Chemist: 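Quick one: structure below, then a few questions.
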Amino acid sequence: MLLEKVEEISGENLYACYQCGRCTAGCPMTGEMDLMPNQVILAILRNDERVLNAKTPWVCAQCYQCGVRCPKNVDIAKIMEALREIKLRSNVNYIDLKKINRSYPQIAIVATMRKFTG
Ligand code: SF4
Ligand code: SF4
């Protein structure tokens with residue numbers, strides 16, 4: 001079940017979330033997201049596997065703003081990471097390495113590989 005997998009990888013208790021929306025209100029990346037951070041939590045609680053195909057976990061900047069704002073101490077950045085891991089563990093890379101522009105700084109390329117490839 002998706003919920004169990006996410007809780008195991010992230011170490012977070014998703015049932016603590018009461019959908020107040022403070023995480024979404026403070027997230028700097030919502031303009032690029034197809035599901036808001038609180039909606040991601042709700043989808044996982046419902047074991048809705050469509051969340052694994054959402055763009056949101058990939059555009060999350062891991063800035064931890066949501067976790068800092070959450071009154072229930074839910075660390076959504078860890079939950080986003082868990083969703084990416086579940087996808088990458090099925091041997092599906094999110095980006096094609098051949099399409100990376102090699103003129104980018106080396107540190108950016110390494111960080112990109114770590115986040116987007118399995
Ligand atoms: S801030 Fe915390 S409790 Fe509120 S919706 Fe986000 S994860 Fe849930
Ligand atoms: S860690 Fe991700 S979801 Fe949380 S506020 Fe930052 S960009 Fe948004």
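We count residues from 1, following the sequence as given. Every heavy atom of this structure was used, including side-chain atoms; hydrogens, water molecules and symmetry mates were not. Note that ligands are numbered from 1 as they come in the structure, with each ligand's atoms numbered from 1 the same way. Just so it is clear, the structure is predicted and the values come from calculations on it, not from any experiment.
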Chemist: Main chain of Arg22, side chain of Asn38: is a donor-acceptor contact present, judged purely on distance under 3.5 Å?
Modeler: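 Looks like no, no N/O pair under 3.5 Å.
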
Chemist: If the cut-off is 4.0 Å to any non-hydrogen atom of Cys66, which atoms of ligand 2 fall inside it?
Modeler: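 Under 4.0 Å from Cys66, ligand 2 has these atoms: 1 (S), 3 (S), 4 (Fe), 5 (S).
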
Chemist: Taking only heavy atoms of Asn38, which atoms of ligand 1 are found under 4.0 Å from at least one of them?
Modeler: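 What qualifies from ligand 1 is 5 (S).
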
Chemist: Output the list of atoms in ligand 2 that are nearer than 4.0 Å to some heavy atom of Met29, sorted by atom number.
Modeler: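 Result: 7 (S).
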
Chemist: Looking at Lys55 and Glu32, would you say the former's side chain and the latter's main chain have a donor-acceptor pair under 3.5 Å?
Modeler: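 Judged by distance alone, yes, a pair lies under 3.5 Å.
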
Chemist: So which protein heavy atom does atom 8 (Fe) of ligand 1 come closest to, and at what separation?
Modeler: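 That would be Cys17 SG, 2.4 Å.
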
Chemist: Quick check on contacts: which atoms of ligand 2 are under 4.0 angstrom from a heavy atom of Tyr64?
Modeler: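 Close to Tyr64: 1 (S), 6 (Fe).
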
Chemist: Let me check something: do Leu52 and Leu3 share a hydrophobic cluster, defined by ILVMFWY side-chain heavy atoms less than 4.5 Å apart, either directly or through other members?
Modeler: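 Both belong to a single hydrophobic cluster.
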
Chemist: Regarding Lys98 and Asp96, does a basic nitrogen lie under 4.0 Å from an acidic carboxylate oxygen?
Modeler: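 So Lys98 does not pair with Asp96 through a salt bridge.
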
Chemist: What is the minimum heavy-atom distance between Lys115 and Cys60, and which atoms define it?
Modeler: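 Reported closest heavy-atom pair: NZ-O, 2.6 Å.
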
Chemist: Would you mind listing which atoms of ligand 2 come within a distance below 4.0 Å of any non-hydrogen atom of Gln65?
Modeler: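 Those atoms are 5 (S).
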
Chemist: Minimum heavy-atom separation for Asn53 to Lys87, with atom names?
Modeler: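 Residues Asn53 and Lys87, closest heavy atoms: OD1-NZ, 2.7 Å.
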
Chemist: Could you tell me which atoms of ligand 2, counted from 1 in the order shown, lie closer than 4.0 angstrom to a heavy atom of Pro28?
Modeler: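 Contacts of ligand 2 toward Pro28, numbered from 1: 5 (S).
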
Chemist: Counting backbone and side-chain atoms alike, does Cys60 have an N/O/S atom under 2.8 Å from atom 2 (Fe) of ligand 2?
Modeler: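 True for Cys60.
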
Chemist: Nearest to atom 6 (Fe) of ligand 2, what protein heavy atom do you find, and at what distance?
Modeler: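 Ranking protein heavy atoms by distance from atom 6 (Fe) of ligand 2, first comes Cys63 SG, 2.3 Å.
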
Chemist: Would you check if atom 6 (Fe) of ligand 2 lies under 2.8 Å from any N, O or S atom of Cys27?
Modeler: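 No N, O or S atom of Cys27 is closer than 2.8 Å to atom 6 (Fe) of ligand 2, so no.
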
Chemist: Hey, which atoms in ligand 1 end up nearer than 4.0 Å to a heavy atom of Cys70?
Modeler: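 The atoms of ligand 1 under 4.0 Å from a heavy atom of Cys70 are 1 (S), 2 (Fe), 3 (S), 7 (S).
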
Chemist: Any donor and acceptor pair, going by atom type alone, linking the side chain of Asn13 with main-chain N or O of Tyr15 inside 3.5 Å?
Modeler: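 Checking the backbone N and O of Tyr15 against the side chain of Asn13, a donor-acceptor pair under 3.5 Å is found.
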
Chemist: Only one of Val40, Leu42, Asp48, Ile41 passes side chain to side chain contact (heavy atoms under 4.5 Å, CB included) with Ile44; say which it is.
Modeler: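 So, applying the side chain to side chain contact (heavy atoms under 4.5 Å, CB included) to Ile44 and each of Val40, Leu42, Asp48, Ile41, only Val40 qualifies.
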
Chemist: Identify the two heavy atoms, one from Asn47 and one from Met1, that lie closest to each other, and give their separation to 0.1 Å.
Modeler: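 Result for this residue pair: ND2-CE, 3.2 Å.
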
Chemist: Considering residues, nucleotides and ligands other than Asn101, do more than 12 of their heavy atoms fall under 6.0 Å from its CG?
Modeler: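 Yes - once you tally the heavy atoms of other residues, nucleotides and ligands closer than 6.0 Å, there are more than 12.
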
Chemist: Which ligand 1 atoms, with their elements, are less than 4.0 angstrom from a heavy-atom of Gln19?
Modeler: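 In order of numbering, the contacting atoms are 5 (S), 8 (Fe).
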
Chemist: Any N/O/S atom from Cys20 (main chain or side chain) under 2.8 Å of atom 4 (Fe) of ligand 1?
Modeler: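 It does; at least one qualifying atom falls short of 2.8 Å.
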
Chemist: For Glu12 and Ile76, indicate whether the former's side chain and the latter's backbone hold a donor-acceptor pair under 3.5 Å.
Modeler: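 No, Glu12 side chain to Ile76 backbone: no donor-acceptor pair under 3.5 Å.
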
Chemist: Starting from atom 1 (S) of ligand 1, which protein heavy atom do you reach first, and at what distance in Å?
Modeler: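 Of every protein heavy atom, Cys23 N, 3.3 Å lies nearest to atom 1 (S) of ligand 1.
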
Chemist: Just jot down the ligand 1 atoms closer than 4.0 angstrom to any heavy atom of Ile76, in number order.
Modeler: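 With Ile76 as reference, the close atoms of ligand 1 come out as 7 (S).
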
Chemist: What protein heavy atom sits nearest atom 7 (S) of ligand 2, and how far away is it?
Modeler: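 For this ligand atom, the closest protein heavy atom is Ala61 N, 3.3 Å.
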
Chemist: In ligand 2, which numbered atoms sit nearer than 4.0 Å to a non-hydrogen atom of Gln62?
Modeler: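 So the atoms of ligand 2 that pass are 1 (S), 2 (Fe).
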
